[in-house]
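Read through the structure below, which is laid out as structure tokens, and then see the notes.
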Amino acid sequence: MDKEIPEINVGVVGHIDHGKTTLLSKLAGKFTDTHSEELKRGITIKLGYSDVTIYKCSSGFAIKEKEEEKCVPFRYVSFIDAPGHEMLMATMLSGAAIIDAAILVVAANEGIMPQTQEHFMALQARKIKNIIIVQNKIDLVSKEQALKNYNEIKKFTKNTLAENSPIIPISTLQEINIDKLIEEIANLEIPKKEKNVNPVFLVARSFDINKPGTEIKNLKGGVLGGVLKKGKLKAGDEIEIKPGLSLKKANTHIYKTLKAKILSLHKGNKSVKEVIPGASISIETSLDPVMTKTDSLTGCLTSTKDNLPEITNAVKIKTHLFKQVFGTSEHQAIQPIKTKELLMLNVNTTITVGSVEKIHKDGSEIELSLNIPVIALKNDNVGIARNINGHWRLIGWGEIV
Ligand code: GDP
Ligand code: MG
């Protein structure tokens, strides 16, 4: 039964209220907006997660085993629900660092909106080329409107990585065409990842799973959630976590690398002995859970002992700027980067801000000094955002030199 099946991380992105979270609850049978504040405000603030196994049955793909048919597990999918609110672009970019493919949700009654464009550019910046486009809320529009919206999407994706992406009209609410979407997810290309190298695990969240009042002897260790980008990890491994814990000393933050042991590894609600790159996992560590609670280690990198470079506040980046700013209703041209300007960078799942110290090669290479240090691995992908009228807007992407 426990035969290994291919695994993939799929992000669900798009404008606020276009139906991302509702769609995920239909696919994975679980509501991903788990934080009470989010439920109150009705928007996804943090990244939401849910896992599902897709089965291949005689009549097609399904997310539940059908009783009357023969079904075999076909693929394991970790969904990541991105926040659609414009203030939360940085979180969305962190999510984009851990996904292999994406579902772009466009409500047919509203069409391409500012965060549709901005999220789409973020996928381009992260070089996510496997994109399924969902035309949602088809129940709210006429045939003519649906066709108009389809043409709008076609025009929007022309000459991009998503030029030939499937566009599936669905109604999440009335469960129309969800099976077509499942079929497309089952057909997504599984990315190849390196296994025989030092592990690199991106921490997307961290938490304390103990209920208040648990006796000390029964306490579980601090838990890290995220994605293993390469290499292998197994129970018993000695690991290090960088930049690690941020401590405030005389008004400056210093970072303390954390060393720990892997106590157990989990995929969905299953415990596993060893993991290779695939779906999201969680790692129970020997750390005091106080250190991992409330996402305190989000953005960190983890590897086995002594395999990560030193943290740094100085990075050099090869830049690729977009032509226009997205995310606002009017599209302004992007001005060249200037010395001393502040930029927000997303390096893997780390979010940091830095000032531009030097500009080389007509702006195609820049050096920054960062407020929050990062682990900079050569060729790592970086999202670059600039503050425009009080909002961080994605202006391009880069690679660590
Ligand atoms: P998100 O911000 O993209 O995560 O959007 P939500 O999933 O929170 O959905 C926003 C609203 O749209 C909710 O009131 C949903 O019930 C509604 N909605 C989602 N899908 C559909 C659909 O297919 N048809 C209709 N009519 N409403 C939908
Ligand atoms: Mg949502």
Side-chain angles (χ1 to χ4, degrees), residues 4 6-9 76 78 94-100 126-128 190-206 221-246 255-267 271-287 291-292 296-318 345-352 370 372-383 398-401:
E4 294 285 328
E7 297 179 7
I8 190 165
N9 292 292
Y76 185 79
S78 279
S94 302
I98 58 172
I99 62 176
D100 307 305
R126 293 290 196 194
K127 301 207 191 92
I128 309 287
I190 300 284
K192 291 196 177 55
K193 293 180 184 168
E194 297 171 279
K195 288 174 218 148
N196 297 314
V197 292
N198 288 332
V200 174
F201 175 79
L202 304 184
V203 181
R205 58 213 161 116
S206 76
V223 175
L224 308 175
V227 164
L228 183 62
K229 287 299 252 192
K230 48 181 144 180
K232 282 179 198 155
L233 285 175
K234 56 183 191 310
D237 278 352
E238 300 281 346
I239 53 168
E240 60 180 10
I241 301 150
K242 284 182 175 181
L245 210 58
S246 134
Y255 289 83
K256 186 170 164 270
T257 299
L258 295 173
K259 293 186 192 310
K261 195 173 174 161
I262 296 182
L263 298 184
S264 61
L265 291 161
H266 305 265
K267 196 176 284 174
S271 162
V272 289
K273 285 262 168 335
E274 187 184 74
V275 284
I276 55 170
S280 346
I281 55 164
S282 46
I283 304 176
E284 185 202 348
T285 69
S286 57
L287 292 174
M291 289 188 190
T292 57
S296 59
L297 297 177
T298 296
C300 288
L301 244 60
T302 298
S303 186
T304 37
K305 224 169 97 196
D306 304 325
N307 279 327
L308 288 175
E310 282 307 308
I311 62 170
T312 178
N313 288 82
V315 289
K316 192 171 181 183
I317 298 165
K318 187 165 189 266
L345 303 182
N346 276 74
V347 187
N348 292 310
T349 48
T350 314
I351 303 165
T352 181
L370 305 175
I372 300 171
V374 295
I375 299 291
L377 301 170
K378 201 168 158 20
N379 296 331
D380 264 357
N381 176 291
V382 181
E399 283 147 5
I400 300 280
V401 179

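In this structure, the separation between CG on Leu224 and CD1 on Ile283 is 5.5 Å, given to the nearest 0.5 Å. In this structure, CG on Leu345 lies 7.5 Å from CD1 on Ile400, to the nearest 0.5 angstrom. Here the CG-CZ distance, from Leu308 to Phe201, works out to 12.5 Å after rounding to the nearest 0.5 Å. Expressed to the nearest 0.5 Å, how far NZ of Lys259 lies from CG of Asp306 amounts to 5.5 Å.
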Next on the checklist: Pair Val227, Asn9 - check side chain to side chain contact (heavy atoms under 4.5 Å, CB included), show working.
Outcome noted: CA-CA 9 Å; Val227 164; Asn9 292 292; 3.8 Å; yes
Checklist entry - Would Lys232 and Val275 satisfy side chain to side chain contact (heavy atoms under 4.5 Å, CB included), going step by step from the backbone distance to the final call? => result CA-CA 6 Å; Lys232 282 179 198 155; Val275 284; over 6 Å; no
Checklist entry - Step by step, would you call Val200 with Leu228 a side chain to side chain contact (heavy atoms under 4.5 Å, CB included)? => result CA-CA 6 Å; Val200 174; Leu228 183 62; 5.9 Å; no
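Side-chain atoms of Ser206 and Thr292 form no donor-acceptor pair, as typed in the model, at a separation below 3.5 Å.
Salt bridge status for Glu399 with Lys378: absent, with no side-chain N to carboxylate O gap under 4.0 Å. A salt bridge is absent between Lys305 and Glu240: the closest approach of a Lys/Arg side-chain nitrogen to an acidic carboxylate oxygen does not fall below 4.0 angstrom.
Atom NZ of Lys267 sits in a crowded spot, with more than 12 heavy atoms from other residues, nucleotides or ligands closer than 6.0 Å. Enclosure of atom NZ in Lys230 is not indicated, since only 12 or fewer non-hydrogen atoms of other residues, nucleotides or ligands lie within 6.0 angstrom. Counting heavy-atom neighbours within 6.0 Å of Lys261 NZ, excluding the residue itself, gives a total of 12 or less.
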